[in-house]
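Reviewing the structure listed below.
Index from 1, following the sequence.
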Amino acid sequence: MVQRIALWSGGYNPVVGRLHAFVERFRTLVERFRPFVERFRPFVERFRALVERFDPFVERFHAFVERFRALVERFDSFVERFHAFVERFHAFVERFRALVERFRALVGRFRALVERFHAFVGRLT
């Protein structure tokens, strides 16, 4: 083969010679590892059969994961809305607490006014 390439190219080409040597070394390497590969071929075939056997389970599990992800996203949206509601309710409670404090102060002033009025009426009688 090298001779045909050399003749076709018009003489010996060192690049082609190095390429041919590389191909021969690679072929030798492949032949050396072929028994190793053949020894593992049954394992690979059993593993492929196992993967094909579990493929429907994996597909169903993937569908479950997708449904669960959608559920989590819906729950996350609910939690965000609930959190906003809690913040608004907290602000309402704070405003209501301030209103109650103002009302208590008003009641205190009114009680003081009533006591003064009773004292005034008591002095009249």
If I take atom CZ from residue Arg27 and atom NE2 from residue His20, how far apart are they, to the nearest 0.5 angstrom? 7.5 Å
Decide yes or no for Val107 and Arg111: does some side-chain heavy atom of the first lie under 4.5 Å from some side-chain heavy atom of the second? yes
Can you tell me how the ring of Phe22 sits relative to the ring of Phe26, calling it parallel under 30°, perpendicular over 60° and tilted otherwise? parallel
Quick one: pull up CZ in Arg41 and CZ in Phe36 and give me the separation to the nearest 0.5 Å. 12.5 Å
Do the side chains of Glu59 and Asp55 get nearer than 4.5 Å, heavy atoms only? yes
Roughly how far apart are Phe68 CZ and Glu73 CD, rounded to 0.5 Å? 11.5 Å
Arg97 vs Val100 side-chain heavy atoms within contact, under 4.5 Å: no
Find the distance between CG (Leu106) and CG (Leu113) and round it off to the nearest 0.5 Å. 10.5 Å
Please confirm whether the backbone N or O of Glu24 pairs with a side-chain atom of Thr28, one donor and one acceptor, at under 3.5 Å? yes
Where does the angle between the aromatic ring planes of Phe89 and Phe85 fall among parallel (under 30°), tilted (30 to 60°) and perpendicular (over 60°)? parallel
Heavy-atom closest pair (Glu38 atom, Pro42 atom, distance to 0.1 Å) is O-CD, 3.4 Å
